[in-house]
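So the structure is just underneath, and the comments pick up after that.
Note that the coordinates shown come from a computational prediction; the quantities given were computed from them, not determined experimentally. A note on names: the letters A, B, ... follow the listed sequences, proteins ahead of strands, and every chain is numbered from 1.
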Protein chains: 2
Amino acid sequence: MTRQSSHTKATPTTDPDDAPAKVDLGCLDGLLGYRLRRAQLAVFQDFITSMRDYDLRPAQFSVLAIIRANPGLKQSRVSEALGINRANFVALLDELETRDLARREPAPGDRRSNALFLTAKGEAFLDEAYRHLQAHHERRLDAALGAGDRQQFLTLLDRLAALD
Amino acid sequence: MTRQSSHTKATPTTDPDDAPAKVDLGCLDGLLGYRLRRAQLAVFQDFITSMRDYDLRPAQFSVLAIIRANPGLKQSRVSEALGINRANFVALLDELETRDLARREPAPGDRRSNALFLTAKGEAFLDEAYRHLQAHHERRLDAALGAGDRQQFLTLLDRLAALD
DNA sequence: TATTGTTATACTCTATAACTATA
DNA sequence: TATAGTTATAGAGTATAACAATA
């Protein structure tokens, strides 16, 4: 292999005319992780924009969703299920509790543990937020994916997530 | 809709026996962004592990790749192409220059700008790192994706990335 | 006036160590 | 001894404002 690898053009980029001239991604284009990262950033940005009026970030939404689907689950298991360090989970849950969306209760049978629940307000809030996401955010994502097979796409994402 | 949305089971999770009992993702399972994020984290983790001996993070690799494919490109355009804030790009490039992988040169015709190049060491380093990634990291990703259509997968990722 | 590179700053996210109370 | 929740802390990543040099 010479100085230029086969997938790069590397024209010395003089470009004296005012045309913007597209930047060549070079070997970056062959890295799945790069494409995945750009897609993930765009999707999260769209999520955050969609949830602006709810003031809810992706991590906060995920905590509420897990608690609702598993009421009474121990704090450590919720953080573990989401891959969130238990030390970092404390402040995250504190804020949800301050906003009266979730609550800690003493776990029956283990006085070290907290059992987590949504408040009535939290249940309603999550329902509304999720409906809004489906109607706007997910709807936009489906439009972007177009005719592509969404189910097959999700299957491949899950296979990658199972790497570790 | 009642207190429980249609896609959650929400059995009160008493679970007194010692079986670990899988955590229900609830409505999180219906969010594309969640699956995308988990996949991206797993892929980046695999990248970082693969590049341990090279001490090269994804962002550093991307900078080297863009510079190699577009030698002489202005600093602001490199950071812009990667979606990196120009203020944050300074320290990133400083480190690559300290390691003698890239260099700043005065841009011909504009004394405000820097034109970026790889050093000879940077060219060789990137070639070797990229070959190593292809042989190990990307190979593992392909194995994980299995029979799935990689090209279709990349197409859908790019459509999502084009959201904003 | 606008742009380029830079510094300073702040806020989020993430990771580790250590403490306490329980088990 | 080990585990659950917590605090403190440090490192990345990211965002904005402002400055000097130059366009």
Can you check the [X] [atom1] to [N] [atom2] distance for me, whole Å?
X: B:L41; N: C:dC13; atom1: CG; atom2: P; answer: 13 Å
X: A:L92; N: D:dT6; atom1: CG; atom2: P; answer: 12 Å
X: B:L73; N: C:dT4; atom1: CG; atom2: C1'; answer: 14 Å
X: A:F44; N: C:dT12; atom1: CZ; atom2: P; answer: 16 Å
X: B:F89; N: C:dA8; atom1: CZ; atom2: C1'; answer: 20 Å
X: B:R104; N: C:dT4; atom1: CZ; atom2: P; answer: 15 Å
X: B:L93; N: C:dT4; atom1: CG; atom2: C1'; answer: 13 Å
X: B:R38; N: C:dT14; atom1: CZ; atom2: P; answer: 11 Å

Would you sort out whether B:R99 and B:E97 count as a salt bridge (charged side-chain N to carboxylate O under 4.0 Å, His left out), showing the intermediate values? CA-CA 5 Å; B:R99 289 170 66 176; B:E97 216 171 12; over 6 Å; no
Per-nucleotide protein contact along nucleotides 17-23 of chain C, 5' to 3', at a 4.0 Å heavy-atom cut-off (B base, S sugar-phosphate only, - neither), is BB---BS
For the residue pair B:F47 and B:F44, categorise the inter-ring angle as parallel (less than 30°), tilted (30 to 60°) or perpendicular (more than 60°). tilted
Report task. Specify whether A:F125 and A:Y54 have parallel, tilted or perpendicular ring planes, treating 30° as the upper limit for parallel and 60° as the lower limit for perpendicular. Result -> perpendicular
| request: In sequence, state the C-alpha distance, the side-chain angles, and the governing distance for B:R38 and A:D158, and then conclude on salt bridge (charged side-chain N to carboxylate O under 4.0 Å, His left out). | output: CA-CA 8 Å; B:R38 298 304 290 244; A:D158 288 348; over 6 Å; no
Hey, does the side chain of A:R77 come within less than 4.0 Å of D:dG5's phosphate (OP1/OP2), counting only N and O? no
May I ask you to verify if any side-chain N or O of A:S76 is less than 4.0 angstrom from the OP1 or OP2 atom of D:dG5?
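For D:dG5, OP1/OP2 do have a side-chain N/O of A:S76 under 4.0 Å.
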- List the steps and the verdict of salt bridge (charged side-chain N to carboxylate O under 4.0 Å, His left out) for A:R104 and A:D94. CA-CA 9 Å; A:R104 295 164 161 104; A:D94 282 348; 2.9 Å; yes
Ignoring hydrogens and angles, answer whether the base of D:dA4 and the side-chain atoms of A:N114 contain a donor-acceptor pair closer than 3.5 Å.
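Looking at the base of D:dA4, it does not pair with any donor or acceptor on the side chain of A:N114 (distance under 3.5 Å).
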| query | Under 4.5 Å between side-chain heavy atoms, hopping through other hydrophobics if needed: is there a path connecting A:Y34 to B:Y130? | reply |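 Cluster IDs for A:Y34 and B:Y130 match.
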*Checking salt bridge (charged side-chain N to carboxylate O under 4.0 Å, His left out) for the pair B:E80/B:K74: CA distance, chi angles, key distance, verdict?*
CA-CA 10 Å; B:E80 179 192 41; B:K74 286 194 291 179; over 6 Å; no
Rounding to 10 degrees, work out the angle separating the end axes of the helix from C:dT1-D:dA23 to C:dA23-D:dT1 (five pairs an end).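 Computed angle between terminal axes is 0°.
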Ranking D:dG5, D:dA12, C:dT6 by distance to the side chain of B:R57, first place goes to D:dA12
- Item | Over 12 foreign heavy atoms within 6.0 Å of CZ, B:R150 |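 More than 12 within 6.0 Å, yes.
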Review point. Got a sec, which residues hit salt bridge (Lys or Arg N to Asp or Glu O under 4.0 Å) with B:R111, two or more places apart in sequence or on another chain?
Key: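 Applying salt bridge (Lys or Arg N to Asp or Glu O under 4.0 Å) to B:R111 gives none.
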| message | Both A:N88 and B:I84 contact DNA chain D. Taking the nearest nucleotide for each, which residue is further toward the 5' end? | response |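 Checking each residue's closest nucleotide, the 5'-ward one belongs to A:N88.
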